[in-house]
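Read through the structure below, which is laid out as C-alpha cells, and then see the notes.
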Amino acid sequence: MVDVTQTDTQSETDDRPRTRSEDDVVAAGEASGTVAGGAPPTQAGADGGGGRDGVIGGGVRGDDRGGRDLAPTLGPLGGLRWLWTQLTSMRTALVLLFALAVAAVPGSLIPQRDVSPIRVSDFITQHPTLGPIYDKVGLFNVFTSAWFSAIYLLLFVSLVGCIVPRVMVYAKALRSPPPRTPRNLSRLPAYATAPAPVDETDEELLELAALKLRGARYRVARHDGSVSAERGYLREAGNLVFHLSLLTLLVGVAVGGLYGFRGTSVVIVGQGFANNITQYDDLTTGAWFSDDQLQPFTIGVEQFRVAFETGPVQTGAARLFELDTLVTDRPGATPYRKTIEVNHPLNVDGTTVHLIGHGYAPVVTVKDAAGDVAFSGPVVFLPQDGNFTSAGVIKAPDGRPRRLAFEGIFAPTAKVDEQGPRSIFPDALDPALYVNVWTGPPKTETGLPENVYSLDTAGLTQLKDAKGDPLRVLLKPGTSYTLPDGQGTIEMTGVARWVKLQLSDTPGVAIVLGSIATAVLGLCLSLFVRPRRVWVRVRAAEGGPRLIEVGGLDRADARAGLTEDVAELADELGPPTAELDAVDGSSTGGSKENT
C-alpha cells in the first residue's frame, strides 16, 4: 500500500546507515548468492559445496540431472505466508473493495426479503424460473448472505494486514532522523550553489541553514559538515488515516448490522403506538439485537392531513402529507407534540420514526344472527393502485351460531364500470365499500397467528343471491345490509385513515459518518502535502573560495517550486551579491529517490 519510487541518489550516500528496505535487498542478494556488484552466483552448490542435490544457499534448487530448472519449494508454511502476502496487498484490497461495491448492486435492484417480503413473494410468483434461482443464491438477502459476508470479512482482514505493518514503519520513520547528505548533491533533481561569505565560518553557515529550514517546518539533523532536513511526514499520516477510516467505516457498518433494527407498524389515526415488540407488524433485527434496546416511548397519532392535486395537470398527485403526533419519551415524562412529514422524521432517544405510507380503513359493525355485535371498528384496507382502490378482509369469528367473514374492495371515490368497482381519485370524495359474504361454523381457537389481510376460506361457504351468483353488497357511510336467512347484518359507519410508520435504529451511523469525514481529511493530506528533503553542505571549491551547495528532492510527483525553493535558500545563505548557479535536475540526469 506504500508508493515506492527508485533513485540512484541512494548510491551516492555511502556513509549513511542503510534503511530497512536496503538491508532486505542485501540480505536477499546474499541468500541467493548474488555478489555486491551484481555478478551471478557461483556453481558451488551444484558442485557439492552448496548442499545436497545441488541446493544453493536458502533452499533454492539448481539444475536437476536432466538440466531442467526447478522452482523453489515453498512448503505448507511458505504457502500460508504467500497467501497472507497476497491477501494483504494493495491490489487485493482494491479488488475486494470493487467486489463489495458490485455485490451490493443486486441489493438495490432486486427486492430484499427483510425490507419488502411481499414484493419478494410477488417476484417469485411472476418469475417462476428465475425467482427460485435468486432465492437459492441469496439475492433476496444480499447483505446477510454468506458470499457477501465473505467479501466483507476478507476486505476487513486485508485492510488490517495492510495497515498494521505500515503503522509500524511510519512510527519508525518518525523516530528516525533525516537521511545523511548524499556525496554528490549535483545529481539531485534540484541543485543550487552560492559562494560562502568570507566573514562566516562553516559552522555558522550550517547553523543559519538549519535555522531557516526549521522556520520552513523542516525536521533538521546536523551531520559532519552538512545539514539534512525533511518535511511532509503528514502525507503518509494522511494515507494511514484514510485507510484506518475505511477500516472504521466497515466496523460502523458491522455494528449497525449486528445491533440495529427496522420495523413497521400500521396505526389508525386517532389511536397510538407503543414501542414494544408486540406492536410491530414486521420487525427485522441484527444478530445481536435484544428487546432491551427498544426505548419505552409512545406515539399518539392525532391527525393526518393529506391533499391531492385537483387541477387538470397531474390530477391526483400528492401535494401534502403531515402527521400530527403526541410523543411521550418515557413513562411519566411530559408529552410533546411533533409533526412528521416525508423526509422529516421524528427522532426519539435514537430511534428514527418515518412516515412511509397511508391508506383508508372503513369503519364497520357486524352483528350475528342473534343481534349481538360480533365485530366493530376500523379495518385496514391496502391500496392497490395510485387512486387508492383498496382490498381488505373483515373477520367476525365470534358470530353465533355461525361465524361471518367478508372480502371487499374500498374505493374512496367510487365508480363501477366494465372494469368493476374502482376508485377514480385518491381522496375520499364518494367512498364506497363492496363486499362478498362468507359464513361457516365456529372455528376452534388454536392460538396460531393469521394474516389479517387475507381470508382462509377453508370451512366457509360463500353466500349466493337469488340468481345463484355470489352475493355482492354495496355499503356507503351510514348504510347497512341485512344478510339472507337472518344470518346477521353489516353496517358501514364511517371512514378512517391509517398511516404506516417505519421505526429504525442504526447504532453505527455516527461511526460511519465520522469515518467518512476522517477519510476525506486523510485523503486531502495525502494529496496536498508534499514530502521533501533538502541538504546543505559547505565545501572548498577547486582553485577558489568556499562554496555553499543546496540540493533538494521531492518524494512525490509534485515537484513544482522545488528548484525555486532550493535557489532561494542558496541565495539567502550566500552573500547579497552572489550569483547562484541553479541547475534543473531534469537536465542533469537526476533520478527519483527511493521512498
Side-chain angles (χ1 to χ4, degrees), residues 87 92-127 130-162 242-265 277 280-294 343 345 347 350-354 356-357 500-519:
L87 178 61
T92 303
L94 290 176
V95 170
L96 289 173
L97 187 61
F98 178 75
L100 191 70
V102 172
V105 172
S108 302
L109 301 179
I110 299 174
Q112 300 296 290
R113 185 168 278 117
D114 59 344
V115 177
S116 180
I118 296 178
R119 290 184 60 195
V120 172
S121 299
D122 293 342
F123 186 94
I124 295 176
T125 302
Q126 296 169 5
H127 304 82
L130 201 58
I133 297 177
Y134 280 8
D135 202 9
K136 287 182 180 179
V137 299
L139 293 182
F140 295 128
N141 301 279
V142 168
F143 303 107
T144 57
S145 62
W147 50 271
F148 187 89
S149 300
I151 299 174
Y152 188 93
L153 292 176
L154 284 175
L155 177 59
F156 189 89
V157 173
S158 179
L159 287 175
V160 172
C162 290
F242 175 79
H243 291 94
L244 285 171
S245 299
L246 186 59
L247 187 64
T248 308
L249 175 66
L250 294 178
V251 172
V253 173
V255 169
L258 292 173
Y259 291 99
F261 75 90
R262 179 174 55 198
T264 60
S265 179
I277 196 169
Y280 286 88
D281 296 327
D282 60 81
L283 182 65
T284 302
T285 65
W288 295 351
F289 172 84
S290 65
D291 297 351
D292 297 337
Q293 292 179 229
L294 296 178
N343 298 325
N347 190 285
T351 301
T352 305
V353 184
H354 286 270
I356 63 172
K500 189 174 185 179
L501 303 178
Q502 177 182 279
L503 299 93
S504 61
D505 183 17
T506 308
V509 65
I511 300 176
V512 171
L513 294 177
S515 300
I516 294 175
T518 308

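Here the closest heavy-atom approach between residue Q502 and residue I356 is recorded as CB-CD1, 3.8 Å. For S145 against S149, the heavy-atom pair with the smallest separation is O-OG, 2.9 Å. In plain terms, the two heavy atoms of S245 and A519 that are nearest each other are OG-N, 3.4 Å. Closest of all the heavy-atom pairs between V251 and Y152 is N-OH, 4.2 Å. When all heavy atoms of P507 and D505 are compared, the pair lying nearest together is CD-O, 3.6 Å. Pairing each heavy atom of S515 with each of L249, the nearest pair is OG-N, 3.4 Å.
The line from CG of L155 to CG of L94 is 9.5 Å long, rounded to the nearest 0.5 Å. Summarising the geometry, atom CG belonging to L246 is positioned 10.5 Å from atom CZ belonging to F156; distances are rounded to the nearest 0.5 Å. Here the straight-line distance linking atom CD of Q293 with atom CD1 of I277 works out to 11.0 Å at 0.5 Å rounding. Distance CG/L87 to OG1/T92: 6.5 Å, rounded to 0.5 Å. With values rounded to the nearest 0.5 angstrom, I516 atom CD1 is found 12.0 Å from I511 atom CD1. Note that CZ of F148 is 10.5 Å distant from CG of L153, once rounded to the nearest 0.5 Å.
Screening V353, T351, V509, T352 against S504 for a side-chain contact (heavy atoms from CB on, under 4.5 Å) leaves a single residue, T352. Considering L250, L97, L244 as possible partners of L159, the one that fulfils the side-chain contact (heavy atoms from CB on, under 4.5 Å) test is L250.
Salt bridge absent: D281 and K500 never bring a charged side-chain N and a carboxylate O closer than 4.0 Å.
A distance-only check finds no donor-acceptor pair linking the side chain of S158 to the backbone of L154 [under 3.5 Å]. A donor-acceptor pair under 3.5 Å is formed between the side chain of Q112 and the backbone N or O of I110.
Counting heavy atoms from C-beta on, the side chains of F289 and T284 never come closer than 4.5 Å.
Atom CH2 of W147 sits in a crowded spot, with more than 12 heavy atoms from other residues, nucleotides or ligands closer than 6.0 Å.
By the 30° and 60° cut-offs, the orientation of the rings of Y280 relative to F261 is perpendicular.
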